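Computed from a predicted model, the values in this text were never measured in an experiment. Just so we're on the same page: letters track the sequence lines, and every chain starts at 1.
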Amino acid sequence: MTEVGARVLVVDDEPQIRRFLRLGLEGHGYEVLEATDAREGLRMAVARQPELLILDLGLPDRDGLDVLAELRGWSTIPVLVLSARGREAEKVRAFDLGADDYVVKPFGMAELLARVKAALRRRRAGAATEPVFRVGGLEVDLGRRAVLVDGAPVRLSPKQYRLLQALVAHAGKVLTHGQLLNEVWGPAHREDIQYLRVFVRKLRARLEADPARPRYLLTELGVGYRLCAPDQFDTLH
Amino acid sequence: MRAIPFLVSAAVVAVAGAATHLLSRFMPLPHVSVVFLAAVVASAILWGFWPSVFAAVLSVGVSSFFFYSPIFSFQVADLRDIADLVVFVVVAAWTSRLAANLREQSLLARRRREVVERLLAFSERVAGASGEEEVRAAIREYGGAGTDLEYETAFQVHAAIALERARLRREVNEARLRAQGEALREALLNSVSHDLRTPLATILGAATTLEGLGEATSPAVRRELAASLRQEAERLASYIENVLDLTRIRAGQIAPRLELVELSDIVNAALLRKQRALAAHRVEVSLPADLPMLRLDLFLMEQALANVLDNAAKYAPAGSAVSVEVARVGAEVRLRVSDEGPGMEAAELPHAFEPFFRGAGGAGRTASGSGLGLAICRAFVEANGGRVSLAGREGARGAVLEMYLPVPEGEADTMEVADDD
């Protein structure tokens, strides 16, 4: 159950960033590999089989998003993307291409460690899907298709349940507007973000004690939504 | 058309002839020329000199033919009648001249009045014009008719003056903007040299202390140095973000991407981002669940609110309350952030949103503000179609910042989403 000892590959061309990432991660028991550009990063991702990749989007030889797309062609390894502020569109693209999380530079080590840990835990828990998902007072019984809030059953429409199901399947991970729309309404509706927003408002009204201050169905501003993972719930609330 | 005055003059003479004939039946008319003189003067006043000369010649013919013996002949026998005719011709010629002059003068006066009125109308249009383009439009409308040389001359002078004035006005405006820009650049330079150097000095100092003391430092000292490294680096990061935002605003590069969104998402995101800065404060949030969705740019609004929260965190003392209240007020949604800090003095409030303005009172000087947060906040809120205001708290210390955001029309429709298939 421990993430300590996991092998992490850092792909960043800035030596100072690599240095503090190595010191911070090694200090917490991780094994750290370093690559300075896209080519070396992809090569090491194949040869050294890391369990997690920290990928800077501003690489000298190739766009980090290209690297992510290529990597996703053959690997499901968790990828944590690093980028500068003010690049919201890039953030959405990174998630759409299959990034697991996103950290904006400059960032603190504590924040990065928390995200590394969460990504690795999701990865390891992913294989064995529990039949009942629980976070705080929310309980989703995937076998019986039943939803309980603080012990009381909640009626959801089939579409609402499908949206919740998609979020439960990736609990703790951000799903983009496009991914959710695709999953629940099909590929023809990938652009109907406003529709999704109104739909989420309705779902929150059923699940959340205070829909304006949600505790389970969280918004990732401009990107999508995330269902709070059980292990994140206590630190957040 | 030019024949009409002559034809009518002839008619008038004919009428005069007929009238003389009728009158002479009832009373003797020794000097018939008096009646014809009336006809000549009338013709001069109505149509000018040449028609009246024509009327006079006609009158001489008619009177000699019909009225002076021998009748029905152009011959005039009586010497007195000849004298009469001569006097008539002289007087007729003279009055024609005078009457025609009078007519020309009145025509001229009328035309002058029209010219003046048109120029006046043009001047009024130009005075109300806001730029050179409008002045040019007025010139196109009022000039170029090619009607009147006098008007054209006067008009061209007026038009040239109007254009010149518009150009000067633009240049004065540009100069003022340049001066403002230069003042801002200077303030920015001062700020950069102070707000960049101070945290850098602290960072360098703390880092070299850690390096130099090495193993000798106690864990408590190391923690303290690390904390000050982190705080100053964070301050530097937020300062650089602010300067970049300000630069974008000044360059006119703020292009809001407006979409229908939940204001609560924005408030929650800003609160989450400022969680650590506000860790020592009591944060109170009041967000109604039934707010309409608003047409906003998520990231500009989140930054605007984050800046306000930053100010509250910076200036209000630890342990005090920072409250965020959202409420619908008519056709707007009001977002109010109030703190229990020193607030601003009434005299400072009008300047609060100016870049690099820092309150002089209370903790304003000592805290590490750059004076950019509120300027950016206002620019971003206004880019979203909203407005901001800052006030003191009533009967207490503190600042109250309010953002008013418009509720989009037809917002009721946005909730109409077919729930299911």
| Between A/R197 and B/L260, is there a donor-acceptor pair closer than 3.5 Å when you use the side chain of the first and the backbone of the second? | yes
| Nearest heavy-atom neighbours spanning A/Y225 and B/D265 | OH-OD2, 4.5 Å
| Side-chain heavy atoms of A/T219 within contact of B/E262, under 4.5 Å | no
| remark: Under 4.5 Å to a heavy atom of chain A? For B/V261 that would be both
| Residue B/A289 versus chain A: region with a heavy atom under 4.5 Å | both
| field | Heavy-atom proximity to chain A below 4.5 Å, by part of B/L271 | value | side chain
| note | On a heavy-atom basis, the closest approach of B/L287 and A/A212 is O-CB, 3.4 Å
| request: Go through the structure and list residues passing salt bridge (Lys or Arg N to Asp or Glu O under 4.0 Å) with A/R155, not counting sequence neighbours. | output: none
| Quick check: are there more than 12 heavy atoms from other residues, nucleotides or ligands sitting under 6.0 Å from CZ of A/R19? | no
| task | Flag yes if more than 12 heavy atoms outside A/E191 fall under 6.0 Å of its CD atom; otherwise flag no. | result | no
| said: Tell me whether A/R93 at atom CZ has more than 12 heavy atoms from other residues, nucleotides or ligands lying less than 6.0 Å away. | reply: no
| note | Between A/P214 and B/N268 the two heavy atoms that sit nearest each other are CD-ND2, 3.6 Å
| Of the backbone (N, CA, C, O) and the side chain (C-beta and beyond), which part of B/E234 lies under 4.5 Å from a heavy atom of chain A, both, or neither? | neither
| task | Count the heavy atoms of every other residue, nucleotide or ligand shown that sit under 6.0 Å from CD of A/E111, and state whether that count exceeds 12. | result | yes
